[in-house]
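Following: one structure in structure tokens, then a few remarks.
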Amino acid sequence: LLSSVRLVSASIYGPGLNEMLNLARRQHIPTAVADVSGPEDVRLPGAAIVSTSRAVLQQRHGVSDVAAWIKAVHAATGALVVVSAGAEAVHAIAPDGRTCSVQPPPITPLDTTGAGDALKAGLILGLLKDWPLELTLAWGVVAASRQCLRHGACEQPAAAEEIERLLPTVAVSAAMFIDHEEL
């Protein structure tokens with residue numbers, strides 16, 4: 001079943017999650033996981049992408065120092081670690097340790113349902129296409145922002161042409177963010 005799979009995406013929801021992740025690990029297939037609690041989370045081994053939001057970290061997992069969380073998860077996985085924060089900058093650390101921030105486009109969100117999934121989908125696309133970190137993050141941020149302009153989860157994500165058209169509306173910065181208190 002997994003012979004042609006290049007990446008397995010998982011969240012905290014759904015039956016069989018641990019079995020699926022264990023199968024991917026045994027087949028040496030990288031994973032993309034979301035909303036993990038920290039470096040000890042059982043879903044982290046084998047992760048190539050770890051994404052979550054600052055709100056999930058603070059509200060669900062009681063994380064007060066997001067920068068330390070990013071560093072710890074990156075140290076544990078070597079993965080691309082991405083933390084979003086609504087209309088504020090999305091912060092990431094790449095497998096090679098480079099950091100990057102992306103300021104989402106200015107929008108008036110209707111509903112944030114599915115925004116994290118859209119972000120993760122953009123990150124996965126960038127990873128599978130071997131895009132540079134900056135383009136991968138920008139694509140994910142635009143996909144997430146576009147999702148916020150719809151009510152509820154959608155059956156059809158934004159078209160690639162629409163995301164490409166909106167890419168110039170995001171500000172990408174390679175500034176070191178890890179030691180700033182803004183997180």
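Values below: every heavy atom of this structure, side chains too, minus hydrogens, waters and symmetry copies.
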Can you tell if the side chain of [X] reaches within under 4.5 Å of the side chain of [Y], non-hydrogen atoms only?
X	Y	answer
Val73	Leu44	yes
Gln58	Ser64	no
Ser51	Leu123	yes
Thr31	Ser9	no
Arg54	His91	no
Cys148	Ile107	yes
Glu19	Leu23	no
Leu80	Leu127	no

Does [X] reach the main-chain N or O of [Y] with its side chain, forming a donor-acceptor pair under 3.5 Å?
X	Y	answer
Ser53	Val56	yes
Gln103	Thr169	no
Arg6	Pro30	no
Glu134	Cys100	no
Trp69	Ser37	yes
Arg146	Ile163	no

Report the C-alpha distance between Val33 and Ile49 in whole Å, list the side-chain angles of each, state the deciding distance to 0.1 Å, and finish with yes or no for side chain to side chain contact (heavy atoms under 4.5 Å, CB included). CA-CA 6 Å; Val33 296; Ile49 296 172; over 6 Å; no
Side-chain heavy atoms nearer than 4.5 Å, only ILVMFWY residues, links allowed to pass through others: does that put [X] and [Y] together?
X	Y	answer
Val81	Val172	no
Leu133	Leu128	yes
Leu21	Val5	yes

Partners of Thr52 by side-chain hydrogen bond (donor to acceptor under 3.5 Å, both in side chains), sequence neighbours excluded?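 With sequence neighbours excluded, Thr52 shows a side-chain hydrogen bond (donor to acceptor under 3.5 Å, both in side chains) to Asp35, given in chain and number order.
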Under the criterion side chain to side chain contact (heavy atoms under 4.5 Å, CB included), which of Val82, Val170, Thr136, Leu167 is the partner of Val141?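 With Val141 as partner, side chain to side chain contact (heavy atoms under 4.5 Å, CB included) holds for just one option, Val170.
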Checking Leu57 against Val83 for the side chain to side chain contact (heavy atoms under 4.5 Å, CB included) test, could you report, in this order, the C-alpha distance in whole Å, the side-chain angles of both residues, the deciding distance, and whether it holds? CA-CA 9 Å; Leu57 291 177; Val83 176; 4.1 Å; yes
